[in-house]
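Keep in mind that this is a model prediction, so the values were computed, not measured.
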Amino acid sequence: MRCKKRPEMQQPHDARNGNKMAFYFANPMNYTNFAAVNMCERMDDNLRKKRIFRVTLVGSLINIVLLLFKFTAGILGASAAMIADAVHSLSDFLTDIVVLVFVHISNKPRDKDHDYGHGKYETLATALIGVALFGVGVMICLNGLEKIYYTWQGNKLASPGWIAFLAAVISILSKEWAYRFTMGEGRRIGSQAVIANAWHHRSDALSSVGTALGIGGAILLGSDWAILDPIAAVCVSFFIVRTAYRLLGKSVGELTEKSLPDDVENEIKEIVEAEPEVSQMHHLMTRSIGNHIAIEMHIRMPGAISLYESHLHATNIECRLRERFGKGTHIGLHVEPTKVNGEYRNPFEDAAAATLNESKK
């Protein structure tokens, strides 16, 4: 959301007697320029949704092709690591479906049952991707450990074939490319689910690197070194579990209403307190709602200004916060008068008392 440029606002003081209230009642048009800042431009959410669908569908096509090729290469090449890698690609394809479904839901507008919108469906999608990655990592690790134990018992593993090595190399190149264009698009449109999916592409590429090293070593060094194939699978599983942990940590934090980082809250404070008449901001509460954020706060302004003027200042703060953090930002503002000597005072009663004292003199 972008605000129109704010013109310079005339100071709310009557030049003759310094009476702020008299200035506004006598000159109602003094609000005109200030109110202009409340107009904000809207952006099209449909474009964001289309870009998410496009990048995810391209990734899905890559995953389908690799999934079929890896399973075929793993079976024909007798490679446990390649079959494990194929299972990882299957999880990639399933998470693509999760992203498409949940992003479609998360882009729905607010309705009667969802006052804050559907943004957390995208966070939920990120969590599901993290769970899927964790499950894949554990499965690959257990499968590799089983093969290693089998070898330690004096048994020999079959050496993998060259087709398995070729599949690993193709997977590395294609999945790293998928990671780069998916991550770039995810950052441009600010989608957690797309970024999480990009990490899934990267974990698949890393998985294939380990697979290629294990298969290549087993082929070049002979059947006595076939154990390198499952060892590579176990090593790769740790990278996958680590990525899953990072994704789950972020999404669980958002689902449990974790506050925004300190640097973001400090930036919010600077924006709010830069507004004229605002003397202090306190009781700041923040959280994430999918790719949007929610901000709630109390602000203090002089008690002598009118309700209309305080409304204009509050609206201007909202506009500038949405200009910085996006038009979908939820903002809750509570305005209260500035304290005098640590307590709230009625400025009109004080002014009347001062006038009465002057008349007695």
- Query: What are the two closest heavy atoms between I172 and A205, and how far apart are they?
  - Reply: CG1-O, 3.9 Å

- Message: Walk me through whether I195 and S191 qualify under side chain to side chain contact (heavy atoms under 4.5 Å, CB included).
- Response: CA-CA 6 Å; I195 291 174; S191 172; 5.9 Å; no

- Message: In the structure I gave you, are the side-chain heavy atoms of T286 and I293 within less than 4.5 Å of one another anywhere?
- Response: no

- For V194 and G186, the nearest pair of non-hydrogen atoms, with its separation, is CG1-CA, 3.5 Å

- Output for pair (I268 CD1, L284 CG), nearest 0.5 Å, gives 5.5 Å

- Between CG of N143 and CD1 of I140, what distance do you get to the nearest 0.5 Å? 8.5 Å

- Message: Any heavy-atom pair between the side chains of K175 and R202 that's under 4.5 Å?
- Response: no

- Nearest non-hydrogen partners of S251 and L248, listed with the distance: OG-O, 3.2 Å

- Message: With a 4.5 Å cut-off on side-chain heavy-atom distances among I, L, V, M, F, W and Y, is there a chain of contacts connecting L166 to L213?
- Response: no

- Could you tell me the separation between the CE atom of M281 and the CD1 atom of I295, rounded to the nearest 0.5 Å? 9.0 Å

- Are the charged groups of K250 and E254 less than 4.0 angstrom apart, N to O? yes

- Message: A side-chain contact here means heavy atoms from C-beta on lying under 4.5 Å apart; do F325 and E267 qualify?
- Response: yes

- Decide, yes or no, whether a salt bridge links R51 with E185 under the criterion of side-chain N to carboxylate O below 4.0 Å. yes

- Query: Are V264 and I271 co-members of a hydrophobic cluster defined by side-chain heavy atoms under 4.5 Å apart?
  - Reply: yes

- For residues R287 and S259, determine if any side-chain heavy atom of one lies less than 4.5 Å from a side-chain heavy atom of the other. no

- Query: Regarding E336 and H283, is there a side-chain donor-to-acceptor distance under 3.5 Å anywhere?
  - Reply: no

- Query: With side chains defined as the heavy atoms from C-beta onward, is the minimum distance between F134 and L247 less than 4.5 Å?
  - Reply: no

- Message: Any non-hydrogen side-chain atom of C141 less than 4.5 Å from a side-chain atom of V138?
- Response: no

- Report the relative orientation of the aromatic rings in H201 and F181; use parallel for angles under 30°, tilted for 30 to 60°, perpendicular for over 60°. tilted

- Task: Starting from the C-alpha separation in whole Å, work towards a yes-or-no answer on side chain to side chain contact (heavy atoms under 4.5 Å, CB included) for T338 and Q280.
- Result: CA-CA 8 Å; T338 303; Q280 183 189 23; over 6 Å; no

- For the ring pair W152 and Y149, is the centre-to-centre distance below 6.0 Å? no

- Task: Taking atom CD of E257 as the centre, report whether more than 12 heavy atoms of other residues, nucleotides or ligands fall under 6.0 Å from it.
- Result: yes

- Can you say whether the rings of F165 and W162 are parallel (under 30°), tilted (30 to 60°) or perpendicular (over 60°)? perpendicular

- Query: Among side-chain atoms of H313 and E275, is any donor-acceptor pair under 3.5 angstrom?
  - Reply: yes

- Query: How far does OG of S171 sit from CE of M82, to the nearest 0.5 angstrom?
  - Reply: 6.5 Å

- Please check if F69 and W177 belong to a single hydrophobic cluster, counting links between Ile, Leu, Val, Met, Phe, Trp and Tyr side chain heavy atoms closer than 4.5 Å. yes

- Task: Taking only Lys NZ, Arg NE, NH1 and NH2, and the carboxylate oxygens of Asp or Glu, determine whether E176 and R180 approach each other closer than 4.0 Å.
- Result: yes

- Query: Shared ILVMFWY cluster between Y245 and F238, side chains joined below 4.5 angstrom?
  - Reply: no

- Message: What verdict does the side chain to side chain contact (heavy atoms under 4.5 Å, CB included) test give for L66 and S174, after you've listed the backbone C-alpha separation in whole Å, the side-chain angles of each residue and the deciding distance to 0.1 Å?
- Response: CA-CA 9 Å; L66 284 178; S174 58; 3.2 Å; yes

- Note on the structure: Taking every heavy atom of A294 against every heavy atom of I289, the minimum-distance pair comes out as CB-CD1, 3.8 Å

- Query: Would you say R322 and I331 make side-chain contact, with heavy atoms under 4.5 Å?
  - Reply: yes

- Query: A244 and L133: which non-hydrogen atoms are nearest, and at how many Å?
  - Reply: CB-CB, 3.7 Å

- Which atom pair, heavy atoms only, marks the closest approach of A86 to L67? O-CD1, 3.4 Å

- Message: For residues L68 and I163: do they belong to one hydrophobic cluster (side chain heavy atoms under 4.5 Å, members Ile, Leu, Val, Met, Phe, Trp, Tyr)?
- Response: no

- Taking everything shown except D262 itself, do over 12 heavy atoms lie less than 6.0 Å from its CG? no

- Flag side-chain contact, heavy atom, 4.5 Å: S208 against K70: yes

